[in-house]
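Numbered from 1 within each chain, the chains take letters A, B, ... in sequence-line order.
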Protein chains: 2
Amino acid sequence: MAGLRERKKEQTRCRIEQVAMRLFAERGFDDVTVNEIAEAAEVAKVTLFKYFPSKEALVLDGVKEDFAGIVAARQDDRSVVDAVRDHCALMVRADAPEVATLVRIISGSPALLVGLQAVQAGQRAELAAVLAAEQDEITARLMAAQLMSTVTALQELFFEGRLTDDAVKRAFDLLENGMRGH
Amino acid sequence: MAGLRERKKEQTRCRIEQVAMRLFAERGFDDVTVNEIAEAAEVAKVTLFKYFPSKEALVLDGVKEDFAGIVAARQDDRSVVDAVRDHCALMVRADAPEVATLVRIISGSPALLVGLQAVQAGQRAELAAVLAAEQDEITARLMAAQLMSTVTALQELFFEGRLTDDAVKRAFDLLENGMRGH
DNA sequence: CTAAATTCTGTACCCGGTTCATCTATGAAC
DNA sequence: GTTCATAGATGAACCGGGTACAGAATTTAG
């Protein structure tokens, strides 16, 4: 297994993605054309779209986080909120330079920010499906919506470089205790 | 005031929108081309795009709801959650046939559903700005995110024809009391 | 009536994305 | 090593949303 064919495919996919990210980092997402990417990666435009369904996917394919899996696989003594909180607490520490580049690229393009919303909508649906095993369906959807919107808000803070432990704490306190006091 | 120029503009804008909605209702959003709309409305394509910034805007311009204004203008004795809840309670009763058509059009087009997310992101930002007058900024953003995600979830139920008084009640109970019990 | 400011129009173009027919390289069988 | 089916790559033509531009038409002001 892992014949020549599949190795080459993986190689091509990787080359396309790397070339694209380099160009995006240099000149911004909106100022790079898919024709340029294809040319620089030495593939035909059609080929590029066989590997990535859209230009946005070149960037966003790598940013999906599997909240549904995280929640489904949590310890017995942890609540749903705990599971998501634990994961977000790790986010605060992420500071690889490569992540910073990614954030810069995404933040600088309205198209990518919209695409990010779409990704998150998918995550929300997955999470709702998992929660539906423990709650009635409507509650599951409402919880998934609130959880993901909190994650998104924290992600935005992260993008602005303002994500702190305290912000995470307050976010999940609000989720757990509600807005009655506010 | 209300010179000929402005009257004609309003007229043209209205004609474009009506023609577009008729075509969308007949054949679906994705199967109607902006060239067709422009032709049917007897304007040039360029003109159409001067009135509406995108094809999606032809449908979505009419669905913005001013939650920020609703919250800002609430009675002194009502909480933020109350204000939004009151507004959503009215939504349950909406059943004009024209609304049903709109829902059918939006639900039938992925592009419009994505566009709707973008509209909601804008509403969230506006709401956060209003809440920032009463809360610290991070809390304001978190609250706005949770409120709007709840509204969106309810809107989805509405789209599916499953929005009930009970669903609204449970949604806002969850918002006010949090997820601790779940 | 004339001149200036606005708006509309057609044309040509760009870019993301798809279709199609064709060609090349791979892997399997002999 | 040759043959052959097939997956995959290719270029070129095309589609639809959206924009740039230059010029024509029309409202408004003087």
Side-chain angles (χ1 to χ4, degrees), chain A residues 1-17 19-21 23-24 27-61 105-106 108-116 118-119, chain B residues 1-17 19-21 23-24 26-61 105-106 108-116 118:
Chain A
M1 18 250 92
L4 176 54
R5 200 158 229 157
E6 285 154 39
R7 259 179 296 147
K8 273 204 174 172
K9 272 178 79 171
E10 191 49 37
Q11 213 174 321
T12 303
R13 182 193 179 80
C14 188
R15 192 175 66 245
I16 293 172
E17 187 167 348
V19 166
M21 290 304 287
L23 292 176
F24 291 154
R27 295 164 29 207
F29 183 78
D30 297 324
D31 286 353
V32 178
T33 209
V34 301
N35 273 312
E36 289 176 312
I37 299 168
E39 201 171 335
E42 295 176 297
V43 294
K45 185 170 63 158
V46 187
T47 307
L48 187 154
F49 281 110
K50 206 172 330 197
Y51 284 92
F52 300 89
S54 69
K55 187 185 178 188
E56 285 80 12
L58 285 164
V59 178
L60 298 177
D61 259 18
I105 293 174
I106 296 177
S109 159
L112 279 175
L113 289 169
V114 170
L116 194 56
V119 170
Chain B
M1 22 249 80
L4 176 55
R5 200 155 233 160
E6 284 155 39
R7 258 178 296 146
K8 271 202 176 174
K9 272 179 79 169
E10 192 49 38
Q11 211 175 321
T12 303
R13 182 193 179 80
C14 188
R15 191 175 66 245
I16 293 172
E17 186 167 349
V19 166
M21 290 304 287
L23 292 176
F24 291 154
E26 285 171 11
R27 294 161 33 203
F29 183 78
D30 296 324
D31 285 354
V32 178
T33 214
V34 302
N35 274 311
E36 289 175 312
I37 299 168
E39 200 171 337
E42 294 176 298
V43 293
K45 185 169 62 155
V46 185
T47 306
L48 187 154
F49 280 110
K50 205 172 331 195
Y51 284 91
F52 300 89
S54 70
K55 188 185 178 187
E56 285 80 12
L58 285 163
V59 178
L60 298 177
D61 259 18
I105 294 173
I106 296 177
S109 159
L112 279 176
L113 289 169
V114 170
L116 194 55

Reading 5' to 3' through nucleotides 11-19 of chain D, protein heavy-atom contacts under 4.0 Å coded B for base, S for sugar-phosphate only, - for none: BB---SSBB
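If you measure from atom CZ of B:Arg5 to atom C1' of D:dA29, you get 11 Å, rounded to the nearest angstrom. Protein atom CG of A:Leu48 is 10 Å distant from nucleotide atom P of C:dG16, rounded to whole Å. The CG-C1' distance, from A:Asp31 to C:dC14, rounds to 13 Å in whole Å. The CD atom of A:Glu36 sits 13 Å away from the P atom of C:dC14 (whole-angstrom rounding). If you measure from atom CG of A:Leu58 to atom P of C:dG16, you get 11 Å, rounded to the nearest angstrom. Across the protein-nucleic acid pair, B:Arg7 atom CZ and D:dT26 atom C1' stand 14 Å apart, rounded to whole Å. Nucleotide C:dC8 holds its P atom 10 Å from the NZ atom of B:Lys8, rounded to whole Å. One interatomic measurement links the two molecules: CD of B:Glu42 to P of C:dT7, which rounds to 21 Å at whole-angstrom precision.
Looking at B:Glu17 and B:Tyr51, their side chains never come closer than 4.5 Å, going by heavy atoms from C-beta outward. Contact of the B:Leu112 side chain with the B:Leu116 side chain is not registered, since no non-hydrogen atoms from C-beta on lie closer than 4.5 Å. Looking at heavy atoms from C-beta onward, B:Leu58 lies out of side-chain contact with B:Met21 at the 4.5 angstrom threshold. Residues B:Thr12 and B:Arg15 form a side-chain contact, since some pair of their non-hydrogen atoms from C-beta on lies under 4.5 Å apart.
Applying the salt bridge (Lys or Arg N to Asp or Glu O under 4.0 Å) test to every pair with at least one member in residues 50-60 of chain A, sequence neighbours left out, gives no pairs at all. The side chain to side chain donor-acceptor pair (under 3.5 Å) analysis of residues 30-41 of chain A, with sequence neighbours excluded, yields the pairs A:Arg27-A:Glu36, A:Asp30-A:Ser109.
Counting all heavy atoms, side chain and backbone alike, A:Pro53 lies closest to A:Phe49 at O-CD2, 4.0 Å. The minimum heavy-atom distance between B:Leu23 and B:Val32, with the atom names listed, is O-CG2, 3.6 Å.
Remark: B:Phe29 engages B:Phe24 in a ring-ring contact (aromatic ring centres under 6.0 Å, His included) (not counting sequence neighbours). When the side-chain contact (heavy atoms from CB on, under 4.5 Å) test is applied to B:Val114, the partners found at least two apart in sequence or on another chain are A:Val114.
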Short N/O separations, protein against nucleotides 28-30 of chain C, under 3.5 angstrom:
none

Restricting to nitrogen or oxygen on both sides, can you table the protein-nucleotides 2-5 of chain D pairs closer than 3.5 Å?
none

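Within the nucleic acid shown, B:Lys9 comes within 4.0 Å of sugar-phosphate atoms alone, with no base atom in reach, counting heavy atoms only. Counting non-hydrogen atoms under 4.0 angstrom, B:Lys50 reaches a base of the nucleic acid. Within 4.0 Å (heavy atoms only), B:Phe52 reaches no atom of the nucleic acid at all.
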Solution key, residues 40-48 of chain A side-chain donor-acceptor pairs under 3.5 Å, sequence neighbours excluded:
none

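Taking NZ from B:Lys8 and CD from B:Gln11, the interatomic distance works out to 8.0 Å, rounded to the nearest 0.5 Å.
Taking side-chain N and O atoms only, A:Tyr51 has no distance below 4.0 Å to OP1 or OP2 of D:dG8.
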